Asker: 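Take a look at the following structure, please.
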Protein chains: 2
Amino acid sequence: MQTLTIGQLAKQAHVNIETIRYYERRGLMTEPPRRDSGYREYPLEAVDRIRFIRRAQELGFSLKEIAELFSLRVNPETTSADIKRRAEAKVADINARISDLERMKAALMKLAAACRGRGPTSECPILESLASEGRST
Amino acid sequence: MQTLTIGQLAKQAHVNIETIRYYERRGLMTEPPRRDSGYREYPLEAVDRIRFIRRAQELGFSLKEIAELFSLRVNPETTSADIKRRAEAKVADINARISDLERMKAALMKLAAACRGRGPTSECPILESLASEGRST
DNA sequence: ATGCGCCCTGCACCTAGGTCCGGAGTCAAG
DNA sequence: CTTGACTCCGGACCTAGGTGCAGGGCGCAT
């Protein structure tokens, strides 16, 4: 089975080596097996894991939240009902994000459309697009 | 016309007073008029603006990107074509975010669904959901 | 068997985004 | 006209998420 050194992994996932070690400390990467020399030996899937982390961050999830997402799948012994509840909570959060993004998008499209007309470009609806009452993630 | 002091604004927008001053320094809040005493006097809409900033942050936009969003609406004198182009670029970015969120959501729902069965809860599809090739926001 | 590049650990340092503090001035209720 | 709450400003400090050394140990091509 093909494996990667930390340097190769870093290259393939487009992150700094130190970042990988940092994720390991934070519990986002499970500690990989080591060679006798102490070198870490990563399976190929580690690349996906890092890419997932990075994209989830860009989507506004903190490292702590991402760790929570992962924790949904380890522990095959956690009660199914519990996992289900947590997964559904995440889904609700994601739905809220999506709909806010949809509203921002609609506002931006309206703005872009207004640009091909003469109307004053001011008076834009961007602000109103997210003016919902405090809901905290 | 009704106005707010910085403290009232902070309370209504659920942020720290210092955060408001910080946003002003960063150019996210336009400098409000001052009383003779030097006190800032905010219009009610300032609340919406702050809420917009906060939610956009939760959605993964940096303060710099948020400032860019705002810059699309000031300057009624920027060429319409330019604004249009920039707005459309933002829309494309938002579309990418939405589709990634949709994929995460699908993965989570699949996971939740698997939980009402006996099958091993491990082997979940979360990782694969965002394992797309490097696209950087 | 040696040199060059990669890996190890621990710790110092960096940026973004805030948050707190102190000393001084302001406002309004009593 | 005083007192407690609020505001001003400048600057120090804090957390999250990394990033960069230094000093030492591998690994392999020559």
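Since the structure is predicted, the reported quantities are computational estimates derived from the model, not experimental observations.
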Asker: Quick check on dA16(D): is either OP1 or OP2 less than 4.0 Å from any side-chain nitrogen or oxygen of Tyr22(A)?
Answerer: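 Tyr22(A) to dA16(D) OP1/OP2: no side-chain N or O under 4.0 Å.
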Asker: Closest to the Glu18(A) side chain: dC7(C), dT19(D), dG18(C)?
Answerer: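 Nearest listed nucleotide: dT19(D).
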Asker: Check the distance between dC21(D)'s P and Ile17(A)'s CD1 and give it to me in whole angstrom.
Answerer: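 From Ile17(A) CD1 to dC21(D) P: 14 Å.
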Asker: Give me the atom names and distance for the closest heavy-atom approach of Arg51(B) to Gln12(B).
Answerer: NH1-O, 3.3 Å
Asker: Using a heavy-atom cut-off of under 4.0 Å over every strand shown, decide if Arg40(A) touches base, sugar-phosphate, or nothing.
Answerer: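 Here Arg40(A) touches the backbone only, sparing every base.
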Asker: Locate the shortest heavy-atom distance separating Asp93(B) from Phe61(B); write the atom from each residue and the value.
Answerer: OD2-CE2, 3.7 Å
Asker: Could you check whether Arg25(B) gets within reach of a base, just the sugar-phosphate, or nothing at all, counting any heavy atom under 4.0 Å?
Answerer: nothing
Asker: Using a cut-off of strictly less than 4.0 Å, decide whether Thr5(B) has a side-chain nitrogen or oxygen near OP1 or OP2 of dT7(D).
Answerer: yes
Asker: Looking at Ile20(A) and Met29(A), what are the two nearest heavy atoms and their distance?
Answerer: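 The answer is O-CG, 4.3 Å.
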Asker: Quick one: Glu41(A) CD to dC26(D) P, roughly how many Å, whole number?
Answerer: 15 Å
Asker: Might you list the N or O atoms of the protein lying below 3.5 Å from N or O atoms in nucleotides 26-30 of chain C, with each pair's distance?
Answerer:
from	atom 1	to	atom 2	distance (Å)
dT26(C)	O4'	Tyr39(B)	OH	3.3
dC27(C)	OP1	Ser37(B)	OG	3.0

Asker: For residues Thr3(A) and Gln8(A), report the shortest heavy-atom separation together with the two atoms involved.
Answerer: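 Scanning both residues, the minimum pair turns out to be O-OE1, 4.1 Å.
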Asker: Is the shortest side-chain N/O distance from Arg21(B) to OP1 or OP2 of dC21(C) below 4.0 Å?
Answerer: no
Asker: Using atom CD1 of Ile66(A) as one end and atom C1' of dA16(D) as the other, report the distance to the nearest whole Å.
Answerer: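 Whole-Å distance recorded here is 12 Å.
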Asker: Starting from C1' on dT15(C), measure out to CZ on Arg26(B) and report it in whole angstrom.
Answerer: 10 Å
Asker: Whole Å only: how far is the CD1 atom of Ile6(B) from the C1' atom of dA5(D)?
Answerer: 15 Å
Asker: Any side-chain N or O of Thr19(B) less than 4.0 Å from the OP1 or OP2 oxygen of dG18(C)?
Answerer: no
Asker: Do the side chains of Glu24(A) and Arg21(A) get close enough for a salt bridge, i.e. N-O under 4.0 angstrom?
Answerer: no
Asker: From NZ of Lys11(B) over to C1' of dC6(D), roughly how many Å is that when rounded to an integer?
Answerer: 10 Å
Asker: Quick one: does Glu88(B)'s side chain have a donor or acceptor within less than 3.5 Å of a partner on Arg85(B)'s backbone?
Answerer: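 No, the answer is negative, given that no donor and acceptor are paired below the 3.5 Å cut-off.
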Asker: Please tell me if Gln57(B) has a side-chain N or O lying less than 4.0 Å from either OP1 or OP2 of dA16(C).
Answerer: no
Asker: To the nearest Å, give me how far apart CG (Asn16(B)) and C1' (dG17(C)) are.
Answerer: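 Between C1' of dG17(C) and CG of Asn16(B): 12 Å.
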Asker: Do the side chain of Arg97(B) and the main chain of Leu59(B) share a donor and acceptor less than 3.5 angstrom apart?
Answerer: yes
Asker: When the distance from OH of Tyr23(A) to P of dA16(D) is rounded to whole Å, what number comes out?
Answerer: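 These atoms are roughly 15 Å apart.
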